[in-house]
Novice: 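Structure in structure tokens, see below.
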Amino acid sequence: MDTKFSDYFSVKLMWSRIPYLVKKIPITLELAGLAFLVSIVIGLLIAVIRYKKVKILSPIATAFLSLMRGTPMLIQLYVAYYGIPAILRIFNSWGANIDVNVIPKMVYAFFALGLYQAAFTSETFRAALESVDKGEIEAATAMGMTYGQVLRRIIVPEALENALPGICNSVIGLVKGTSLASTCGIIEITYQNQILAGRDYRYLEGYVALAIIYWIITIILEKIFKLVEKKFRIPEQPKTVEEV
Amino acid sequence: MAILELKDIHKSFQDNVVLDGINLSVNKGDIVGIVGPSGTGKSTLLRSINLLERPEQGEIRFEDITLNLPLKGKERKSVTALRKRIGMVFQKFYLFEHKTALQNVMEGLITVQKKPKKETEQIALDALEKVGLKAWKNHYPKHMSGGQQPRVAIARTLAMKPDIILLDEPTSALDPELVTEVLTTIKAIAEQGYTMLLVSHEMDFVSKISNRVLFLDGGKIIEDGTPEEVFRHPKSDRAKEFFDKMNKLKEPEFFI
């Protein structure tokens, strides 16, 4: 019996798979978006702590960073998935009354993804903070600004421009990272594909369709960040001098 | 009347004593030129006045603000209050790279002095006009020449209407042509009655605009008087030697 290429890979089937997957894109984006917020807030916090070398907190932040960077995201997801209920059960044995099954699955993914990315984002932020000219900070201080004002008005706006390419990377990393959240039982696009392929065993078509979807999302994000970066950058050419 | 008084200021970096008991009293309207060899604490002295450097010992009194060093918790607020009234122009200008010339000048007025935006813009434009850069208000620092940048820095300081202006070698990073450009601007300000402390290696300029000159060496003020007294008739050997060396450069290389 002859086997045709379409027996292994049917382009038609792949296209027909895409609309079913697209339906779950909001879940993917929601996961990535929430994790992004967590990573930005915690990342900035860690970065400022390490930048200012805050006592006690700085070594804790460094240890956290080392742990998060030193272990795979998949393992962290599993640890969160099995670990959080385990901890809650201990609390319950002490008399607390928390229903472990009620915790939304999103929470695990949200924590694991967010904290994992926070570790990387914090380094982006720290490098950006350190790139701000010390002289400008001094000039602002000499004007009579408090450190909080210097941070808000001078350091953060300048650091942000330098951090943008890194933040873009981190968003893209998060979007792709959400595919691992399927292991926590969240039905986002990757898990959706597992379900659909489970019916007709057309895994390859599904994975290729997924690849296309992730790729397109990434391209759109890159374009958005390009625009944002352009908005932040000082133009190469000066404006024309106004006649007085 | 003394507007600023320094008493017995000591500052070291590790084992290196930079300021070794400085006593100084500056009157309102004084234009004080500070000269001397490199590394003798001229910049550190200026930077100690607005506490960018923290001297280990001494007392700084500026009008109603008195700071006893080293600072204690409560006095930190007075430092900010002091800085609000003392302006500084840095050797490398340190303009805010991400703000236009106008925004640079407006920054302190908005953030520190909390003036309404409309008023701020007018003050800033006036300040830029004084240094002849009103037309460049929308330029970013990187688009401005080496002579324009210090003038924006001067406008930024002037706009805050400080009681004292500290100028830390504002021309030492410039080529000779630009030096003239900046010195003309400084001279114009000096004539408006500001109290100024100017660290500079431009001896001719210092002697022209200041009414008092300090010669620093080894962290001490070793000459203090009018430009005439310090430059023409220095009392100490160290100052004599320093000015002799400077004058040698001006002599012709050959005599015929």
Side-chain angles (χ1 to χ4, degrees), chain A residues 44 47 51-55 124-125 127-167 225-244, chain B residues 46-47 49-53 76-77 79-105 107-114 125 128-129 132-145 148 153 156-157 159-160 162 166 168:
Chain A
L44 188 61
Y51 172 67
K52 289 294 294 169
K53 300 190 177 66
V54 181
K55 272 179 210 142
T124 305
F125 278 135
L129 287 172
E130 268 160 18
S131 74
V132 176
D133 186 6
K134 297 281 174 293
E136 286 178 47
I137 298 171
E138 217 164 55
T141 311
M143 275 180 180
M145 287 196 204
T146 59
Y147 190 75
Q149 285 172 331
V150 178
L151 205 62
R152 256 198 335 275
R153 301 284 306 184
I154 310 295
I155 302 177
V156 171
E158 284 195 26
L160 204 57
E161 186 198 316
N162 294 331
L164 272 176
I167 294 175
F225 269 90
K226 262 223 172 85
L227 284 175
V228 178
E229 271 176 50
K230 205 179 157 195
K231 207 165 155 49
F232 270 87
R233 215 176 17 231
I234 302 166
E236 278 306 316
Q237 292 299 319
K239 287 185 185 142
T240 47
V241 176
E242 272 177 38
E243 292 300 321
V244 185
Chain B
L46 275 201
R47 292 164 56 85
I49 292 172
N50 62 1
L51 278 303
L52 285 180
E53 302 291 352
R76 301 241 161 85
K77 275 210 172 112
V79 173
T80 314
L82 177 102
R83 284 176 179 154
K84 282 180 185 173
R85 288 155 66 181
I86 298 183
M88 185 159 191
V89 178
F90 293 84
Q91 182 177 4
K92 286 178 187 148
F93 334 127
Y94 297 146
L95 294 175
F96 306 130
E97 297 292 327
H98 285 239
K99 298 183 194 292
T100 61
L102 186 67
Q103 286 167 338
N104 260 283
V105 182
E107 184 58 40
L109 298 166
I110 295 171
T111 315
V112 178
Q113 299 187 344
K114 314 251 184 248
L125 284 173
L128 280 176
E129 192 165 26
L133 289 175
K134 198 179 176 186
W136 278 267
K137 63 178 172 136
N138 290 326
H139 273 47
Y140 285 93
K142 76 167 183 182
H143 297 143
M144 307 186 94
S145 76
Q148 289 169 331
R156 181 171 70 175
T157 305
M160 309 267 292
L166 312 173
D168 186 8

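Just so it is clear, the values below take in all heavy atoms, side chains as well, and ignore hydrogens, waters and symmetry mates. Quick note on labels: first sequence line is chain A, next is B, and so on, each numbered from 1.
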Novice: Below 30° counts as parallel, above 60° as perpendicular, anything between as tilted: where do the rings of B:His139 and B:His143 land?
Specialist: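 Geometry flag for B:His143 against B:His139: perpendicular rings.
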Novice: So what's closer than 4.5 Å to chain A heavy atoms on B:Leu82: side chain, backbone, both or neither?
Specialist: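 Neither part; nothing is under 4.5 Å.
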Novice: Look at the side chain of A:Gln149 and the backbone N and O of A:Thr146, then say whether any donor-acceptor pair between them is shorter than 3.5 Å.
Specialist: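 Answer holds: yes.
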Novice: Rounded to the nearest 0.5 Å, how far does CD of A:Glu136 lie from CG of B:Asn104?
Specialist: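 Output value for this atom pair is 8.0 Å.
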Novice: Given A:Val156, which partner from the list A:Leu44, A:Val150, A:Leu151 fulfils the side chain to side chain contact (heavy atoms under 4.5 Å, CB included) test?
Specialist: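 Checked A:Leu44, A:Val150, A:Leu151 against A:Val156; only one passes side chain to side chain contact (heavy atoms under 4.5 Å, CB included): A:Leu151.
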Novice: Counting heavy-atom pairs closer than 4.5 Å to chain A, which one of B:Leu166, B:Ile86, B:Thr111, B:Thr80 comes out on top?
Specialist: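 Of the candidates given, the most pairs with chain A belong to B:Thr111.
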Novice: At what distance, to the nearest 0.5 angstrom, does OG1 of A:Thr124 lie from CG of A:Asn162?
Specialist: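 A:Thr124 OG1 to A:Asn162 CG: 11.0 Å, rounded to 0.5 Å.
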Novice: Heavy-atom pairs under 4.5 Å with chain A - which of B:Glu97, B:Arg76, B:Lys92 has more of them than the others?
Specialist: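 If we count pairs closer than 4.5 Å to chain A, B:Glu97 comes out on top.
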Novice: Tell me, side chain or backbone of B:Lys142 under 4.5 Å from chain A's heavy atoms, or both, or neither?
Specialist: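 B:Lys142 touches chain A through side-chain heavy atoms alone.
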Novice: Pick whichever of B:Arg83, B:Arg47, B:Lys99 has the most heavy-atom pairs under 4.5 Å with chain A.
Specialist: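 Ranked by contacts with chain A, first place is B:Arg83.
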Novice: Taking every non-hydrogen pair under 4.5 Å, which of B:Phe93, B:Phe96, B:Tyr140 racks up the most with chain A?
Specialist: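 Among B:Phe93, B:Phe96, B:Tyr140, the one with the most close pairs to chain A is B:Phe96.
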Novice: B:Leu51, B:Asn50, B:Leu52: which one forms the most heavy-atom pairs within less than 4.5 Å of chain A?
Specialist: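 When all of B:Leu51, B:Asn50, B:Leu52 are compared, B:Leu52 has the most.
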Novice: Relative to chain B, which segment of A:Ile234 carries a heavy atom at a distance below 4.5 Å: side chain, backbone, both, or neither?
Specialist: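 For A:Ile234, heavy atoms of backbone and side chain both lie under 4.5 Å from chain B.
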Novice: Crowded around A:Lys134 NZ? As in, over 12 foreign heavy atoms under 6.0 Å?
Specialist: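 Enclosed.
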